[in-house]
Amino acid sequence: MPVLGAQPVDEFLAAVPGRRHWLYRPRRVGLVWRSRAFRAGAVVFVLALCGLVILALVREQTGTEGFLVGLGLAVLPVPLLMGAFRWLDRVDPGPWRSLLFAFAWGSCAAALVAIVANSFATRWIATATADPAGADTLGATVIAPVVEESAKAAALVLIFLFRRRQFSGLVDGIVVAGFTATGFAFTENILYLGNAFGEDQQAGAAGFGSVTVGTFVVRVLMSPFAHPLFTVLTGIGFGLAAAAGRRHRVRRVLFPVLGLLLAMGMHAAWNGSSVLGPYGFYLVYGVFMMPCFGLVTWLAVWSRQRELRTLAEELPVYASAGWLAWPEPLALASLRARGVARDAARHLGSHPDPARGKQAARAVAEYESFATSLAMLRRRARHDGPGEDFAVRERELLHHLWQRRAVASPALTYAAQVTGRIRRAGPPVPGVLPRQSPYGQDPRWQPAARPVPAPHRHYGGYNPYLHTGGAAPGRSEGPGRGGIPGRDGTPPV
């Protein structure tokens, strides 16, 4: 029986049903643990198991009532701390899955390692020295800082090694470290507050003079930033290592180790404040902790402003090539202008359907995110050399920007004018926008028909997105500056 007969092969294959109607499917051959779903499931399983074990240990020490009271009081600062670190990460926000992993690691895995290792070390020292009081002091000032900061730093190591693209600088290190330490402090606060409540129950104490209230004031109101501050020093070390690039191998090892040692030292000073007398805590808090907290906060804000300056420095080359409107880099380098652009897309069109305004605002937000990723990609290529996939990533980001330009470009131009980012008048921006689409069908804001240009003939098939083999005819390139093709296929600028 003939298989094809007189029917052409193309017509025969075109008649094959769609994928959902297939009767035969290819069998997956390979190792199970290489599957992304398997690895993600294994991580979730391990963290969930650690969480169940640590909750059981804490409940055993505090009792059911103490556990519930500690849980209710310890959760109060968590949203504030997570919101503060997320606010710092507004320029180039990392994915929530990495941040939630960091929080889960701190609250489950790191807390379990700390409570088991600290208890074992303290008991061993007490048995060896026959001095339980000295063992508690030594465990709090020496053992606990080393164990706890090392356990929390493991989350940064994992993200730094396996999610390297999401770890690009100081801000990323600070945010990941902050989420990890917030989770650790959450579990530790449950333990301390639950034990304090148990002491009050045994002593019959209540009111503002109780141990529970005192513990809550010290750990939740006065120093909720203590653990995040310690671990942020480690995060700064990893952030500096990420910014150093692949060529500086010594820095990539030295900075994280130095940050971890500083975190252990600050943690030891904080725990050792109790041996300085009744006012030792307030002395360390006012003279040491608060200045360090202010310095780290300033460094985090300065690093975020530096990221914004990167957009103003790297994106104009794409504007000159025709991919962006000339006011867009100025608007993208301002958080206020970004917010104005999203609000403009949501409200200025007088949309009869709120969903259209929300869709337009989402398109502008995605445009801002892709533009930020493009600027960071180019900065890494200039400082660390272009990677093998630089051209592929640049092409994809330019494609995403082009798909959203009809909505985002007029919104960002309008935001640049409203916020005073540009002094002279730029391209006209619609005042009252038509209702049929977020920004109407004004031909001034429509992109060209071809979103991605073909390689220019002068390069003979060479990659046009990263031209490092010499300047284009009639053009000159600065040192370390890759060529960017124009959107109409012109040579790189």
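Model, not experiment: these values are computed from the prediction.
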If you take all heavy atoms of [X] and [Y], which pair is closest and at what distance?
{"X": "L156", "Y": "G235", "answer": "CD2-CA, 3.3 Å"}
{"X": "A341", "Y": "L412", "answer": "CB-CD2, 3.6 Å"}
{"X": "A312", "Y": "A333", "answer": "CB-CB, 3.8 Å"}
{"X": "L324", "Y": "R405", "answer": "C-NH2, 3.7 Å"}

Lys NZ or Arg CZ of R404 over F370 ring: under 6.0 Å, within 45°: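 Pair R404/F370 does not count as cation-pi.
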Please report the interatomic distance [atom1]([X]) to [atom2]([Y]), rounded to the nearest 0.5 Å.
{"X": "F186", "Y": "L81", "atom1": "CZ", "atom2": "CG", "result": "12.0 Å"}
{"X": "L299", "Y": "R304", "atom1": "CG", "atom2": "CZ", "result": "13.0 Å"}
{"X": "L47", "Y": "L100", "atom1": "CG", "atom2": "CG", "result": "11.0 Å"}

Please say which of W402, Y367, Y318 ends up in a ring pair (Phe, Tyr, Trp, His ring centres under 6.0 Å) with W323.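 So, applying the ring pair (Phe, Tyr, Trp, His ring centres under 6.0 Å) to W323 and each of W402, Y367, Y318, only W402 qualifies.
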Within the side chain of [X], is there an N or O that forms a donor-acceptor pair under 3.5 Å with the backbone of [Y]?
{"X": "S373", "Y": "S369", "result": "yes"}
{"X": "T310", "Y": "R306", "result": "yes"}
{"X": "T297", "Y": "F293", "result": "yes"}
{"X": "Y192", "Y": "R219", "result": "no"}

Evaluation steps, side-chain contact (heavy atoms from CB on, under 4.5 Å), between L191 and Q61: CA-CA 8 Å; L191 178 62; Q61 294 189 26; 3.3 Å; yes
Could you tell me how the ring of F179 sits relative to the ring of F85: parallel (under 30°), tilted (30 to 60°) or perpendicular (over 60°)?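 Taking F85 first and then F179, their aromatic rings sit tilted (interplane angle of 30° to 60°).
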Derivation and outcome, side-chain contact (heavy atoms from CB on, under 4.5 Å), residues E148 and N118: CA-CA 9 Å; E148 294 176 5; N118 289 339; 3.3 Å; yes
Derivation and outcome, side-chain contact (heavy atoms from CB on, under 4.5 Å), residues F238 and I159: CA-CA 10 Å; F238 278 95; I159 295 178; over 6 Å; no
As a quick check of understanding, evaluate side-chain contact (heavy atoms from CB on, under 4.5 Å) for F197 and Q201, giving each step before the final call. CA-CA 6 Å; F197 180 79; Q201 290 291 98; 3.6 Å; yes
Can you run down the side chain to side chain donor-acceptor pair (under 3.5 Å) pairs that involve residues 223-242, sequence neighbours left out, and say none if there aren't any?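 Qualifying pairs: E149-T231, K152-H227, K152-T231, E188-H227.
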